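Here the structure is laid out as structure tokens; the discussion comes afterwards.
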Amino acid sequence: MLPYLELHIQSLVLLFGYGLLGFFALALAHSGRDLVVGRPREPEATAVEEHDGIREHHGRVPLFLVLLYVGLAVWAVLYVLAHACWGMDFGG
């Protein structure tokens with residue numbers, strides 16, 4: 001009975017962990033217009049241009065994208081270090 005209880009606890013930790021991570025990602029994506037990094041240097045940097053009916057402008061970067069890129073970079077460095085230096089095999 002105890003091994004099944006341990007598997008159940010591990011499943012619950014994964015369920016809530018990934019659930020909270022997904023909720024956090026959705027909350028950041030939803031509030032992307034409010035949470036931004038940086039500001040335009042020049043007033044004309046926010047000018048709206050239109051090409052074939054598609055509007056574009058150069059503005060600030062949403063915090064969601066900044067966290068995504070930073071997380072990807074950290075994961076890549078740790079993955080390479082774990083595989084090269086510490087000899088971890090990831091089943092690949």
Side-chain angles (χ1 to χ4, degrees):
M1 182 77 175
L2 285 179
Y4 297 112
L5 183 62
E6 185 177 342
L7 287 174
H8 177 68
I9 291 172
Q10 289 175 357
S11 296
L12 284 177
V13 167
L14 287 174
L15 175 74
F16 287 120
Y18 284 124
L20 288 174
L21 187 64
F23 177 75
F24 181 68
L26 286 176
L28 277 176
H30 177 68
S31 62
R33 292 185 178 185
D34 301 328
L35 301 171
V36 292
V37 177
R39 57 188 138 132
R41 294 183 183 149
E42 304 166 353
E44 60 268 3
T46 59
V48 176
E49 301 173 7
E50 192 163 335
H51 302 285
D52 299 328
I54 299 173
R55 297 176 58 186
E56 69 176 39
H57 62 88
H58 305 284
R60 302 180 292 179
V61 179
L63 183 62
F64 175 73
L65 290 178
V66 172
L67 291 177
L68 181 72
Y69 296 149
V70 168
L72 180 65
V74 168
W75 174 82
V77 168
L78 289 176
Y79 183 85
V80 168
L81 285 176
H83 188 67
C85 297
W86 301 306
M88 290 185 174
D89 187 20
F90 294 103

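Remember, predicted model here, so these are calculated numbers, not experimental data. Along the sequence shown, residues carry numbers from 1.
- Atoms CG and CG, on Leu67 and Leu72 in that order, are 12.5 Å from each other to the nearest 0.5 Å.
- Phe23 and Leu15 are assigned to two separate hydrophobic clusters, defined by single-linkage of ILVMFWY side chains at heavy-atom distances under 4.5 Å.
- There is no path of hydrophobic side-chain contacts, each under 4.5 Å, that joins Leu5 to Leu12.
- Leu81 pairs by the side-chain contact (heavy atoms from CB on, under 4.5 Å) definition with Val77, Cys85, Trp86, not counting sequence neighbours.
- Under a hydrophobic clustering in which Ile, Leu, Val, Met, Phe, Trp and Tyr are joined whenever their side-chain heavy atoms come within less than 4.5 Å, directly or via other members, Tyr69 and Phe24 fall into the same cluster.
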